[in-house]
Novice: 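The structure is given below, and queries will be raised subsequently.
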Protein chains: 2
Amino acid sequence: MSKVQSLNMRLTATEENYLKAIFKLSEENGNPTATTNAIAAEMNTAAASVTDMLRRLSEKDLIHYEKYKGVHLKEQGRKVATMLLRKHRLWEYFLVEKLKFEWDEVHDIAEELEHVRSEELINRLDNYLGQPRFDPHGDPIPNADGTIPTRQLTPLSTLKTGQHGVLTGLQEHPDSLMRYLKKVNISIGTKIQVLELHEFDESVSVRIDDERDIELSEKVSKNLLLKI
Amino acid sequence: MSKVQSLNMRLTATEENYLKAIFKLSEENGNPTATTNAIAAEMNTAAASVTDMLRRLSEKDLIHYEKYKGVHLKEQGRKVATMLLRKHRLWEYFLVEKLKFEWDEVHDIAEELEHVRSEELINRLDNYLGQPRFDPHGDPIPNADGTIPTRQLTPLSTLKTGQHGVLTGLQEHPDSLMRYLKKVNISIGTKIQVLELHEFDESVSVRIDDERDIELSEKVSKNLLLKI
DNA sequence: ACATATTTTTAGATTAATCTAAAAATATTT
DNA sequence: AAATATTTTTAGATTAATCTAAAAATATGT
Ligand SMILES: [Mn+2]
Ligand SMILES: [Mn+2]
Ligand SMILES: [Mn+2]
Ligand SMILES: [Mn+2]
């Protein structure tokens, strides 16, 4: 007897966060199925808490869940998760473009703002901002209909000597990486050209905006996604 | 052993809402002490739930509470309540001025936005909006230091024939009143002049912006606050 | 295939926020 | 000053979200 809920059911912020976590995990693995432990790690909770929540989300028909078999989002769950990303990223855009926050300062605030419940609000915000397609970290902003703009991006770490591209996104974006990039004056839109590859530690010498040369570690170069 | 909490203690949205309710009740009665039942009515909860919460807020040293004697806000509680009003009203201003919502559409959204925790956010929003002093309903926006702009306003119902003023605030502002005023094209800034007082039902004939004449009921005229 | 390791679920508590019903305290009326 | 009414608190449940510890299921390694 699954409680198939009305289309505009009322979810708690916690339920929403779990759906986002499952979405994120299935995106980054390419595999639609997420495991209990992976969700627990993503959410910083005990595995037992995840099991509880999976039961509840399953009751509400937002996910498909079988004991020991992992979970994947159902139609409704995916819709909710996508709209959360839309809200999160539009708010981040607002915070950076209008309120002049730095790109490493907006995530936690957007984590709260994304749970404010109002379709009207988010659509008006979208229009007010000029319907931006990417957030301050280069992540695509889902459209009102749920579609997500895609692009073909290449990690800096895979380029050969002489090749160049424009920084367009980040693989992952912990605040520490963003603060580092801010320090070395690299941001979305920066041109990066490979000067030399160092086989020993996979670090790379690059020319920034045809102006100055710096060294980037393997860890950094794997995280910088370029449009070639 | 009251747990005197650190200055930036973490409150739940529910705790914050109780503090706002107590603040509102003490403002509108002129009496700083609020009763359990009054709070229950304001919060739409059972009196028993209020008693529970009062105990908790008292533990945190936000209110002064003695069984059967009612409560009043302490320094910290008053500060929290004032900052909530600041946030609520700044967000309402944003929603109306920037996102072009109508004044009767913004309250519920602001009820959620006001709980987003970030001093930095609200101060940047304040600057972005040009440090407005009043919200779309004419209510004063507390300053960052907690002071609240005051004005001397007169209810339309107390004016004599011939007197006039500019609509500057509302006594209370249920959505129904705001929708009515929207329909008859009266808003903050509208000039209102008394043409005739009707003793029978205390209704009043008024001239709007020196252009058109309408009738307003006693209930409406008591709610319109004018700057003479 | 069996033993061991890992993952996941269950069992049982805890805390915040809520409720109803009953008891206790306070206020009002006769 | 009683009797009555009203207000407030207590007692006992409930639900969401969390935890730890133990049990059960599944996966891995020899
Ligand atoms: Mn973010
Ligand atoms: Mn982002
Ligand atoms: Mn409001
Ligand atoms: Mn208002």
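Every chain is numbered from 1, with letters handed out A, B, ... down the list of sequences.
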Novice: How long is the line joining NE2 of His115(B) and P of dA17(C), in whole Å?
Specialist: 12 Å
Novice: For the pair made of CD in Glu16(B) and C1' in dA17(C), what is the distance, rounded to whole Å?
Specialist: 15 Å
Novice: Starting at CG of Asp52(B) and ending at P of dT14(D), how long is that distance when rounded to a whole Å?
Specialist: 16 Å
Novice: With sequence neighbours left out, what residues match Lys79(A) under side-chain hydrogen bond (donor to acceptor under 3.5 Å, both in side chains)?
Specialist: none
Novice: Between dA17(D), dT20(D), dT18(C), spot the one nearest the side chain of Ala46(A), thanks.
Specialist: dT20(D)
Novice: Which of parallel (below 30°), tilted (30 to 60°) and perpendicular (above 60°) describes His137(A) and Trp103(A)?
Specialist: parallel
Novice: Looking for any heavy atom pair under 4.0 Å, which part of the strands does Ser49(A) touch: base, sugar-phosphate only, or nothing?
Specialist: base
Novice: Collect all protein-nucleotide pairs involving nucleotides 3-8 of chain C in which both atoms are nitrogen or oxygen and the distance is under 3.5 Å.
Specialist:
residue, atom, partner, partner atom, Å
dT8(C), OP2, Asn37(A), N, 2.8

Novice: Among residues at least two apart in sequence or on other chains, which ones pass side-chain hydrogen bond (donor to acceptor under 3.5 Å, both in side chains) with Lys98(B)?
Specialist: none
Novice: What is the distance, to the nearest angstrom, from the CD atom on Glu15(B) to the C1' atom on dA17(C)?
Specialist: 10 Å
Novice: Let me know the distance between CD of Glu66(B) and P of dT9(D), rounded to the nearest Å.
Specialist: 11 Å
Novice: Which value, rounded to the nearest 0.5 Å, describes the distance between Leu181(A) atom CG and Lys183(A) atom NZ?
Specialist: 11.5 Å
Novice: Whole angstrom is fine here: how far is it from CE in Met53(A) over to P in dT15(D)?
Specialist: 16 Å
Novice: Return the pairing partner of dA22(C) with a 3.5 Å limit on both distances, Watson-Crick or G-U wobble; otherwise return none.
Specialist: dT9(D)
Novice: Could you grab the distance from atom CD of Glu112(A) to atom CZ of Arg117(B), nearest 0.5 Å is fine?
Specialist: 4.5 Å
Novice: OP1, OP2 of dT15(D) versus side-chain N and O of Arg56(A): anything below 4.0 Å?
Specialist: no
Novice: Determine whether the aromatic ring centres of residues Phe23(B) and Tyr18(B) are separated by less than 6.0 angstrom.
Specialist: no
Novice: So does Thr45(A) get a side-chain nitrogen or oxygen closer than 4.0 Å to the phosphate oxygens (OP1/OP2) of dA17(D)?
Specialist: no
Novice: Which of parallel (below 30°), tilted (30 to 60°) and perpendicular (above 60°) describes His64(A) and His72(A)?
Specialist: parallel
Novice: CG of Leu54(B) versus P of dA16(C): gap in Å, rounded?
Specialist: 15 Å
Novice: Both Arg55(A) and Asn44(B) contact DNA chain C. Taking the nearest nucleotide for each, which residue is further toward the 5' end?
Specialist: Arg55(A)
